[in-house]
Enquirer: 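Let me give you the structure first, and then I'll get to my questions.
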Amino acid sequence: MHNINYIRSNSIEFDNAMKLRGESKISSKIIEIDKEKRETQTILQNLLAERNKISKKIGEIKSKNLDASAEMKNVDEIKTKINTLKELEQIKDNELNSILLRLPNIPHQSVPFGKDENDNTLYKEWGSKPNFNFEPKMHYEIGENMGLINFDLASKLSGSRFVVLKNQISKLERAISNFMLDKHTEENGYAEYSLPFLVKNESLIGTGQLPKFGEDLFTAGDEHWLIPTAEVPLTNLVRNEILNVNQLPIRSTSYTPCFRSEAGAAGKDTRGMLRQHQFTKVELVSIVEPEQSDQELERMLTCAESILKDLNIHYRIMTLCSGDMGFSASKTYDIEVWLPGEGKYREISSCSNCSDFQARRMNTRYKSNDKNIFVHTLNGSGLAVGRTLIAILENYQMEDGNVKIPEVLQKYFNNKTLL
RNA sequence: GGAGAGAUGGGUGAGUGGCUUAAACCACAGGUUUGCUAAACCUGCGAAGGAAGUAAUUCCUUCCGAGGGUUCGAAUCCCUCUCUCUCCGCCA
């Protein structure tokens, strides 16, 4: 959500920022509606003040047992006007909100301009592509050959874009999530949460999925949605709060399933478990003071990276261009992991600084020197567990079809070294 | 799922139609006093928005869980909903 005062006094900059994100010029319309709303408000408030005065007078007259019928008639006329103006104000307010709630965040000045993923720029790289003295397989070939990844069974249960994991690979998923949570809670300073996987509208409006992107989500009944990421419940923990400055920064993490209908992605990555309706993820969320959010994004990125470093898997980090960023983000880094079987880099984490965009939607502020200031929110995957599993299978595969267990995960397997 | 009781500022909590401009206490901030700490005393202290002004500031409106309604006037009365607590039932 955008600051209407900012739009009012920086309309050109605002239009330029929206243009970077593929939106059309809209500030003049916003300003016009806002002006009409405020004019309505002023008249309305004057009438309310008048009504209050007369009502008070009526009280005084009546307490003396005198006749107040003239005043009552007067107030009756004012009331009619008040009702009309109230409706008008409501209409203008709704109009304004429905526009503002659908406009994406303003890109950070360091974000490269671009249209789509081809314009993302390389930020940094770690490690190097591993060499195989055989033809490395895709993750699903490895898993299916072992009899531990099964898409047919999943489709019997639930249709396409689901997977059934078994025995050692199922256990690998569990080990990965434990490893990530242990790392983030014990070394990276995040507090662990277990959270609801069903949330209501307000939460999704808070983080920006609604009202615009409902078709990417699954619903559960009339009042709940399945979370597309733990970002939603983790960030909304502070919805409608005025925090104390000494509570900040808040760093929290949670391991949850994520549900995405991915309506727009039909036909993309249909093979394997790369793009599923349901997957698990360890999410990182930070709530910080505005001045801290730039450096907090770097910190968060480092925390996400630390997982891949410990797993010793090659990756690169891309700075997303203005046209490829998510709705709520002002700046996003994608960590892309190297998948030898596929021969491609694939997104395994996305770390975003949402500046005060979500905070305005959620109404989350902190008190500093007696002023209430909107916090900045950040979120990042730390990491997507399913895709980490894919990366391990493909990077740790052996010629005989088995897979080595990364050293840091061996303790979750009674120190075994092979799956 | 059934029956009952609740929801008031950062916290506790008073307020059952106009005397509330939401009391009081606690917490918090500033000050006074005392040799320091502590204590005592004084002062200040919710949020959102609008109007005027260069500004400090002043005036006004709204908000007592949410949304409707009654009334000249609602924290207070009525309706709907949400949540919390207690008891019962069911259940992992």
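Quick caveat: nothing in here was measured; it's all calculated off a predicted structure. All chains are named by letter (A, B, ...) in the order of the sequence lines, taking the proteins before the strands, and each is independently numbered beginning at 1.
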Enquirer: Considering only atom P, compute the distance from B/C79 to B/G4 and round it to an integer number of Å.
Expert: 14 Å

Enquirer: Just the rounded figure in Å: distance from C1' of B/A48 to NZ of A/Lys37.
Expert: 10 Å

Enquirer: Between B/G17 and B/G13, how far apart are the P atoms? Round to whole Å, please.
Expert: 23 Å

Enquirer: How do A/Ile4 and A/Ile242 order along RNA chain B: which one's closest nucleotide is nearer the 5' end?
Expert: A/Ile242

Enquirer: Can you tell me the Watson-Crick or wobble partner of B/C25, both distances under 3.5 angstrom?
Expert: B/G11

Enquirer: Below 4.0 angstrom, N of the basic side chain to O of the carboxylate: do A/Glu89 and A/Lys92 qualify?
Expert: no

Enquirer: Quick one: side chains of residues 405-415 of chain A, donor-acceptor pairs under 3.5 Å with protein atoms, not counting sequence neighbours, listed by atom name and distance.
Expert:
unit_1: A/Gln410; atom_1: NE2; unit_2: A/Ile405; atom_2: O; d: 2.9
unit_1: A/Tyr412; atom_1: OH; unit_2: A/Asp182; atom_2: OD2; d: 2.7

Enquirer: Which part of the nucleic acid does A/Asn372 contact within heavy-atom distance under 4.0 Å: base, sugar-phosphate only, or nothing?
Expert: sugar-phosphate

Enquirer: Rounded to the Å, how far apart are A/Glu36 CD and B/G50 P?
Expert: 15 Å

Enquirer: Using whole Å, what does the distance between atom C1' of nucleotide B/A48 and atom CG of A/Asn5 come to?
Expert: 12 Å

Enquirer: What does B/U71 pair with, Watson-Crick or G-U, if both distances are under 3.5 Å?
Expert: none

Enquirer: Residues two or more places apart in sequence or in another chain: which of them pass ring pair (Phe, Tyr, Trp, His ring centres under 6.0 Å) with A/Phe197?
Expert: none

Enquirer: Hey, is the side chain of A/Lys57 poking within less than 4.0 Å of OP1 or OP2 on B/G18, counting only N and O atoms?
Expert: no

Enquirer: Using a 4.0 Å heavy-atom cut-off across all strands, classify A/Glu71 as base, sugar-phosphate, or nothing.
Expert: nothing

Enquirer: Less than 4.0 Å between a side-chain N and a carboxylate O, is that true for A/Asp15 and A/Lys19?
Expert: no

Enquirer: Going by purine N1 to pyrimidine N3 plus the second Watson-Crick contact, or the G-U wobble pair, all under 3.5 Å, which nucleotide sits opposite B/C91?
Expert: none

Enquirer: So does A/Lys115 pair up with A/Asp119, basic N to acidic O under 4.0 Å?
Expert: no

Enquirer: Go through the steps to decide whether A/Lys156 and A/Asp152 satisfy the test salt bridge (charged side-chain N to carboxylate O under 4.0 Å, His left out), and finish with yes or no.
Expert: CA-CA 6 Å; A/Lys156 175 160 78 177; A/Asp152 295 335; over 6 Å; no

Enquirer: Can you tell whether the side chains of A/Glu187 and A/Lys309 come within less than 4.0 Å, N to carboxylate O?
Expert: no

Enquirer: Only pairs with both distances under 3.5 Å count, Watson-Crick or wobble alike; so what is the partner of B/C45 in this structure?
Expert: none

Enquirer: What's the CD1-C1' distance between A/Ile373 and B/A47, to the nearest Å?
Expert: 15 Å

Enquirer: So, are A/Glu144 and A/Arg271 salt-bridged, with charged N and O less than 4.0 Å apart?
Expert: yes

Enquirer: Provide, to the nearest angstrom, the distance between the CG atom belonging to A/Leu47 and the P atom belonging to B/C72.
Expert: 17 Å

Enquirer: Determine, for A/Glu342 against A/Arg346, whether the closest basic-nitrogen to carboxylate-oxygen distance falls under 4.0 angstrom.
Expert: yes

Enquirer: For B/A38 and B/A27, measure between their P atoms and round to the nearest Å.
Expert: 13 Å

Enquirer: Using purine N1 to pyrimidine N3 plus N6-O4 or O6-N4 for Watson-Crick, or N1-O2 and O6-N3 for G-U wobble, each under 3.5 Å, what pairs with B/A38?
Expert: none

Enquirer: My understanding is that a pair needs two contacts under 3.5 Å, Watson-Crick or G-U wobble. By that rule, which nucleotide pairs with B/G4?
Expert: B/C85

Enquirer: Does the ring centre of A/Phe259 sit less than 6.0 Å away from the ring centre of A/His277?
Expert: no

Enquirer: Please give the distance between the P atoms of B/A23 and B/A47 as a whole number of Å.
Expert: 15 Å

Enquirer: Quick check for you: among B/G50, B/A48, B/U71, whose closest atom lies nearest to any side-chain atom of A/Lys79?
Expert: B/U71

Enquirer: Which letter, B, S or -, goes with each nucleotide of nucleotides 59-66 of chain B from 5' to 3', with contact meaning a protein heavy atom under 4.0 Å?
Expert: -BBS----

Enquirer: Please give, in whole Å, the distance from B/A47 P to A/Met362 CE?
Expert: 19 Å

Enquirer: Any strand counts, and the cut-off is 3.5 Å on both contacts for Watson-Crick or G-U wobble. Which nucleotide pairs with B/A51?
Expert: B/U58

Enquirer: Does OP1 or OP2 of B/A47 have a side-chain N or O of A/Arg365 closer than 4.0 Å?
Expert: no

Enquirer: How far, in whole Å, is B/A7 from B/A75 if one measures between their C1' atoms?
Expert: 12 Å

Enquirer: Using purine N1 to pyrimidine N3 plus N6-O4 or O6-N4 for Watson-Crick, or N1-O2 and O6-N3 for G-U wobble, both under 3.5 Å, which nucleotide pairs with B/G17?
Expert: none

Enquirer: Take the protein atom NZ of A/Lys53 and the nucleotide atom C1' of B/U21, then report the distance between them rounded to whole Å.
Expert: 15 Å

Enquirer: With respect to the side chain of A/Ser55, which nucleotide from B/A47, B/G50, B/G18 is positioned closest?
Expert: B/G18

Enquirer: When you compare B/C25 with B/A40, how far apart are their P atoms, in angstrom units rounded to a whole number?
Expert: 13 Å

Enquirer: If we take the C1' atom in both B/G44 and B/G49, what is their distance in whole Å?
Expert: 24 Å

Enquirer: Would you kindly give the NZ-to-C1' distance between A/Lys86 and B/G50, to the nearest whole Å?
Expert: 16 Å

Enquirer: Please figure out whether A/Ile58 or A/Asn363 has its closest RNA chain B nucleotide nearer the 5' end.
Expert: A/Asn363

Enquirer: Taking atom P in both B/U76 and B/A22, what distance in whole Å separates the two?
Expert: 15 Å

